[in-house]
Each structure stands twice: as structure tokens, then as C-alpha cells.
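A short write-up of the structure that comes next.
FYI, the numbering just counts along the sequence from 1. The figures here come from the full heavy-atom set of this structure, side chains too, leaving out hydrogens, waters and symmetry mates.
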Amino acid sequence: MIRTLRVENLATIEELELELGAGLNVVTGETGTGKSVLLNAIALLCGRRVPSEAIRTGASSASVEAIIDAPELIERARGLGLAEDEEELLVSRRIAREGRGKVFVNGKLATVSLLQQLLGDSLEIVSQGEHQRLLRPQDQAGLLDRYGELAELAHEVADLHRRWRGLAGQIEERRANAAERARREDQLRFEIDQIDRADLGTWDMGELVGERSRLAHVERLGGTMAGLLEALGGDGGLRERVTAARSDLSSAAALDEQLAGTLAGLERASLELDEVEAVLERYAASLEADPARLAQVEERLDEFRRLQSRYGDTVDEILCYREAAFAEAEALGGGETRTAELERELADLGGALDAAARKLGRGRLRAGADLEARVTKELAALGLGRAALQVAFEPLSGKTAEGWDAPSGPSGRERASFLLAANPGEEPRRLRDAASGGELARLLLALRNVVRGAEDGHLLLFDEVDAGIGGATARNVGERLRSLASSHQIVCITHLPQVAALGQKHFRVHKRVRGGRTRTRVESLEANARVDELARMAGAGRVTDVARAHARELLASD
């Protein structure tokens with residue numbers, strides 16, 4: 001996962017760069033050479049707090065950089081807005097003696113919180129005093145589900161619970177607002193009926209306004225028509241005068257044909273006067289006072305004004321309001337009938353949730369029993385033969401935050417946690433309380449190795465995993481680390497040649513004092529240099545021919 005790790009000015013490290021391998025990377029060196037400084041370097045990448053005292057004396061800041069090649073982490077970085085089309089990640093964190101440090105991911109400024117989200121669960125230090133992810137009950141429960149291939153069923157339970165809770169909320173809301181919903185539905189039905197009774201689709205508002213004006217002014221219009229007809233056709237009226245003018249103009253046109261066109265225009269005017277007179281006579285004849293009709297038109301116009309004041313300025317707007325009101329009323333409709341339907345749906349959903357949660361619980365019991373047996377067997381091979389793992393299940397209440405009794409909680413009906421009985425007859429205790437130092441590291445190694453198919457792609461840094469062991473147990477520890485490295489990238493700090501010989505890449509840490517300053521160096525070992533380092537470890541610091549022969553045997557048995 002990490003291809004290159006570069007560290008500057010951290011404790012005794014002035015500058016170092018490691019090209020890590022994909023499998024088991026072992027780090028060796030004499031006590032006090034600075035191997036544990038790698039813990040602080042990895043802790044910085046995990047987003048953890050490292051005190052300013054860790055900065056090398058005389059330096060104003062320390063930094064750790066890593067080139068990471070992991071598709072799932074690159075995709076996570078894209079989701080956090082920290083990557084685009086990159087095929088690898090360059091993560092850099094700098095801590096300052098004064099002021100605030102900085103975090104960069106592919107050159108983009110980030111925060112420590114974002115760094116924790118990106119890498120916090122993927123880079124893990126397995127060491128005494130370190131906060132281990134697998135020591136947290138919530139992570140233990142998730143790991144058991146993945147180990148038992150129950151993750152999909154657990155997701156189904158969570159989804160059913162979410163749907164059950166949402167539907168229960170709807171029912172609760174309907175019950176709480178039943179009176180208000182009924183009042184609102186009644187109001188909407190009244191408004192719909194009011195609009196429907198107006199029968200707006202048959203109305204022509206322009207015609208109604210015109211008819212009202214005509215009926216309201218019949219007498220005035222009749223008097224006006226009588227005067228107009230007298231002016232047009234009475235003695236000395238306009239028609240007589242136009243007829244006389246036409247006769248005179250006809251005589252003049254007989255003497256001068258230039259007047260023929262004007263005569264034609266006057267004749268047309270005479271015909272139009274005839275038409276106007278005929279229209280006015282018909283209109284005058286149609287005028288008739290009709291109080292009943294006037295009252296009916298007034299009533300319709302008043303009704304329209306009332307509708308306008310509530311629902312819209314035009315007929316179209318009022319009809320649009322009616323459609324919206326109808327849709328809302330339909331949604332509210334049904335009252336108790338709809339509530340009863342939802343309650344039946346809730347019962348069905350509750351049954352499905354209960355069945356899925358019980359199935360998940362049975363699967364967890366089977367997976368827990370299998371995990372107990374396999375981890376306990378592993379512990380024996382790692383020198384903890386008297387210890388036994390126990391998977392305990394704590395019942396979970398289905399009661400929601402709102403106080404509703406669901407058939408199951410979102411995580412099921414139980415929560416798994418890992419306990420350890422360090423010796424026969426002792427009460428099982430939490431992992432962090434039951435073992436310490438190397439024992440805890442070996443316990444987590446056993447657990448990780450058994451469940452390695454349930455998760456992969458992590459960087460695991462083991463320190464003190466070989467504390468207090470040797471011989472065949474040391475070899476077993478190394479073989480488990482090598483096996484675990486098929487799923488994870490591992491960096492193991494070790495003092496045992498049996499473990500170091502199984503590393504796929506071997507680094508030696510040593511100190512040099514130059515110019516009065518101590519500097520930690522790391523070198524990658526190959527061939528004879530690796531044999532000499534294993535011989536030093538096997539010979540208690542003395543490199544002899546016998547120790548070299550033993551070292552070659554360890555490498556040959558790899």
C-alpha cells in the first residue's frame with residue numbers, strides 16, 4: 001500500500017527514505033537505535049497527535065511523506081475532494097515547533113480531520129500503549145459480520161429498520177395531526193365544491209360585463225337611439241340632406257365627368273347611412289328592461305369577484321387552484337382508513353425486520369463460535385496456549401430515540417464483543433484489559449490472521465509482537481505474519497532472527513554519531529548483509545561463523 005516512506009527531522013532521524021515492499025517488511029537493529037521512531041512516523045500519517053518534542057533538536061519542523069498505491073484509498077480521496085484522476089496518492093504531513101502544522105494530499109491543502117478520514121482506519125499500529133481499532137467493540141462487531149459473510153444481511157437489517165422507523169413516523173404524525181388533517185380536508189372539499197358550483201367553464205366574462213352594462217342602462221340607451229334615428233331620417237335629417245347633395249352632385253357630374261368619382265363616394269356614404277339606420281332600428285327594437293336578468297348577471301359577477309378574492313384573478317387561475325386543491329385533498333383523504341393501511345404496512349415491515357434480525361443473530365452465533373475455536377488454536381501456536389478467545393453478545397434494545405418499540409435495532413438484536421480468558425478458570429475480560437505488550441500484539445496477530453479474508457488492504461505495523469518468546473513460537477509468529485502479509489502490507493519491528501528471516505524485505509536501523517549529533521539511518525539488506533544482521537541477532541550481538549550458518553539455515557527454511 002505504501003510504496004515510499006520519507007521522514008525528516010523526527011527525533012533522531014534527520015532524513016530517511018524507505019522503499020517498502022508489498023508483503024512482510026521487517027525492521028531490525030540494536031535496542032535504542034530508533035526503530036520506534038517509525039511508530040511516530042506512521043502515527044503522523046494516521047492523523048494522530050504527535051508532540052512537538054518529537055521534532056529533532058535544532059529543527060523547526062518535522063515531516064512525513066508517503067506515496068500510496070491503493071485503489072480503494074484513491075477512490076476515498078476523490079470522495080473527499082482530495083484527488084481527481086491520479087493513480088496514486090502523495091500524502092504529506094508537517095508538524096511545527098511553533099505555530100500550526102500542515103497536511104497536503106496530492107498537493108492539495110487538507111486538515112488533520114480529513115487525513116484521519118482518509119487513512120485513519122487503513123494504517124494501524126499494533127503496539128503496547130497504542131489505541132487499536134480491533135479493541136473497539138463497534139469494530140469487533142463489524143469484523144465478525146464480515147468474517148461470517150453477514151455484511152449484506154446486516155445491511156438489510158439496517159435498511160429495514162430505517163424504513164420501519166420512517167413509516168412509524170408517518171403513522172405517528174397522522175395520529176398527532178388527525179384533527180388538523182380532517183379540518184384541512186374539509187376546507188379543501190368546500191373550496192372545490194364552491195368553484196365547481198360556479199361552473200366557470202361556461203362563463204364568458206366579457207359578455208357578462210357587457211350584458212350587465214346594457215341591462216343597467218336600457219332607458220338611457222333607448223333615448224340615445226331615438227335621437228340618433230331622428231337625426232338620420234327625420235325631416236331635414238342627415239339622410240334627406242345627403243340625398244339632396246347627391247342629386248346636385250349628379251347634375252354637376254353630367255357637366256364635368258371629373259366629379260364622377262366623388263359622386264360614387266357620396267352614393268356609398270348614402271348606402272352606409274341606410275345600413276347604420278337599419279342597425280340602430282334593430283338595436284332600439286331589442287332594448288327591453290329585464291330586471292330579473294339584470295339581477296342574475298349581477299349575482300354571477302358578484303360570485304366571480306368572491307372567487308377572485310380567494311383563488312385567482314382569472315378563470316384559468318381559479319381552475320388551476322381547484323386542481324391543486326383536489327390533489328391535496330386526495331392525498332389527505334381516507335383519514336383513518338389510510339392510517340389503518342399504513343399500520344398494516346408497518347406490521348408487514350416489522351415482520352420482515354424481525355425475521356432478518358433473527359437470521360442475522362443466528363449467523364453471528366455460528367460465526368462467533370467458529371472464530372473462538374480458530375483464534376484459540378492460533379493463540380496456542382503463538383505461545384498463549386492457556387488463553388482462549390470468547391465472543392460475547394450483548395442484547396440490544398429495539399426502542400428508538402422516539403420511544404417506539406421496533407422488532408430490532410439498526411445493528412440487529414445483539415452486539416458482539418471480543419473477550420479473552422488469559423488462563424483457565426479466569427473470567428473473560430476485554431482484550432485491552434486481559435493482555436498487554438507482546439501478548440496483546442500476538443493476540444491481535446492471531447485475530448487478524450484468522451479473519452484476514454474479511455478485510456484487506458491495510459498497513460499494519462507490529463511492535464513488540466515477539467516480546468518474551470523464542471524458539472518454535474518465534475518461528476510460528478513469523479509464519480503468521482508472513483501469512484497475514486498476503487492480505488495486508490506489514491511492517492514488523494523485531495528482535496528475533498526467526499521472525500526477521502521470514503521478511504520479504506529487510507531493513508536495519510542503526511545510529512551514527514557525527515559532529516556531536518546522533519543520526520538514525522535505515523538501510524535495506526540483501527544477501528550477505530542480511531546474513532550478518534541475522535547472525536548478530538542470533539549471536540546476542542556477536543557475528544560468528546556458527547551464527548552465520550544458523551542465519552543461512554533460517555533463510556533457507558523460508
Side-chain angles (χ1 to χ4, degrees), residues 1-18 20 25-27 29 32-57 59-68 70 73 76-77 80 82 89-97 99-105 110-136 139 431-432 436-438 440-441 444-445 448 457-465 467 488-494 507 509 520 522:
M1 186 173 65
I2 291 183
R3 289 211 316 265
T4 303
L5 180 68
R6 180 180 175 84
V7 184
E8 289 186 357
N9 294 324
L10 191 65
T12 56
I13 296 177
E14 183 177 39
E15 182 179 354
L16 71 79
E17 185 173 302
L18 297 180
L20 297 176
N25 300 266
V26 295
V27 180
T33 55
K35 299 184 297 297
S36 61
V37 178
L38 288 174
L39 296 178
N40 283 336
I42 299 297
L44 279 169
L45 285 180
C46 293
R48 299 182 193 174
R49 184 180 180 277
V50 174
S52 60
E53 290 78 12
I55 298 173
R56 181 174 171 79
T57 301
S60 60
S61 64
S63 67
V64 178
E65 292 182 330
I67 297 176
I68 299 175
L73 289 182
R76 188 184 301 174
L80 294 171
L82 299 175
L89 297 177
L90 173 59
V91 179
S92 173
R93 185 178 178 193
R94 182 177 299 273
I95 57 172
R97 195 177 298 279
R100 303 184 64 178
K102 291 184 178 180
V103 176
F104 291 91
V105 178
T111 64
V112 174
S113 175
L114 283 174
L115 186 61
Q116 290 171 340
Q117 292 181 57
L118 178 62
L119 300 177
D121 287 339
S122 296
L123 306 181
E124 186 168 351
I125 300 169
V126 183
S127 171
Q128 184 177 14
E130 283 293 326
H131 179 66
Q132 303 302 323
R133 189 165 65 90
L134 286 187
L135 299 183
R136 300 196 298 256
D139 288 299
L431 299 189
R432 68 170 63 255
S436 60
L440 180 60
L444 294 178
L445 172 60
R448 283 277 190 192
H458 292 242
L459 168 63
L460 306 176
L461 198 154
F462 283 89
D463 189 24
E464 299 188 10
V465 69
H488 304 281
Q489 184 182 37
I490 294 179
V491 176
C492 177
I493 298 173
T494 180
F507 299 94
V509 181
T520 295
V522 180

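Atom CG in Leu460 sits 9.0 Å away from atom CD in Gln489 (nearest 0.5 Å). Taking CG of Leu459 as the reference point, atom CD1 of Ile68 lies at 8.5 Å (rounded to 0.5 Å). In this structure, Ile490 CD1 and Phe462 CZ are separated by 5.5 Å, a value rounded to the nearest 0.5 Å. Taken to the nearest 0.5 Å, the OG atom of Ser92 stands 11.0 Å off from the CD1 atom of Ile67. Between atom CG of residue Leu123 and atom CG of residue Leu115 there is a gap of 8.5 Å, rounded to the nearest 0.5 Å. To the nearest 0.5 Å, the span separating CG on Leu431 from CG on Leu444 amounts to 7.0 Å.
Summarising the geometry of Ala41 relative to Leu10, their closest heavy-atom pair is N-CD2, 3.7 Å, with the distance given to 0.1 Å. The two residues Ala70 and Met1 make their nearest non-hydrogen contact at CB-CG, 3.7 Å. Nearest heavy-atom pair across Ser61 and Arg94 is OG-NH1, 3.2 Å. The two atoms that bring Leu119 and Arg76 nearest to each other are N-NH1, 4.5 Å, heavy atoms only. Residues Ile2 and Leu20 approach most closely at O-CB, 3.4 Å, considering heavy atoms. Val112 and Gly47 make their closest contact through CG1-O, 3.2 Å (heavy atoms, listed as atom of the first residue, atom of the second, distance).
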Step by step, work out the side-chain contact (heavy atoms from CB on, under 4.5 Å) result for Cys492 and Val27. CA-CA 6 Å; Cys492 177; Val27 180; over 6 Å; no

Just do the side-chain contact (heavy atoms from CB on, under 4.5 Å) check on Val103 and Leu114 with the steps written out, would you? CA-CA 9 Å; Val103 176; Leu114 283 174; over 6 Å; no

Apply the test side-chain contact (heavy atoms from CB on, under 4.5 Å) to residues Val105 and Leu90: give CA-CA distance (whole Å), side-chain angles for both, the deciding distance (0.1 Å), then the verdict. CA-CA 6 Å; Val105 178; Leu90 173 59; over 6 Å; no

Would Val26 and Phe507 count as a side-chain contact (heavy atoms from CB on, under 4.5 Å) here? Give the steps. CA-CA 6 Å; Val26 295; Phe507 299 94; over 6 Å; no

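Contact of the Ile42 side chain with the Val64 side chain is not registered, since no non-hydrogen atoms from C-beta on lie closer than 4.5 Å. At a threshold of 4.5 Å between non-hydrogen side-chain atoms, the residues Leu45 and Leu5 count as touching. Residues Leu73 and Leu89 meet the side-chain proximity criterion, which asks for heavy atoms closer than 4.5 Å.
One finds a salt bridge joining Glu124 and Arg448 here, because a Lys/Arg side-chain nitrogen approaches an Asp/Glu carboxylate oxygen to under 4.0 Å.
Under a 3.5 Å cut-off, the side chain of Arg97 and the backbone N or O of Ala62 do not form any donor-acceptor pair. In this structure a side-chain-to-backbone donor-acceptor pair under 3.5 Å is missing from His458 to His488.
For Arg6, the salt bridge (charged side-chain N to carboxylate O under 4.0 Å, His left out) test picks out Glu8, Glu15, Glu17, with sequence neighbours left out. Scanning for side chain to side chain donor-acceptor pair (under 3.5 Å) contacts around Thr4 gives Glu19, with sequence neighbours left out. Qualifying salt bridge (charged side-chain N to carboxylate O under 4.0 Å, His left out) partners for Arg93, counting only residues two or more places apart in sequence or in other chains: none.
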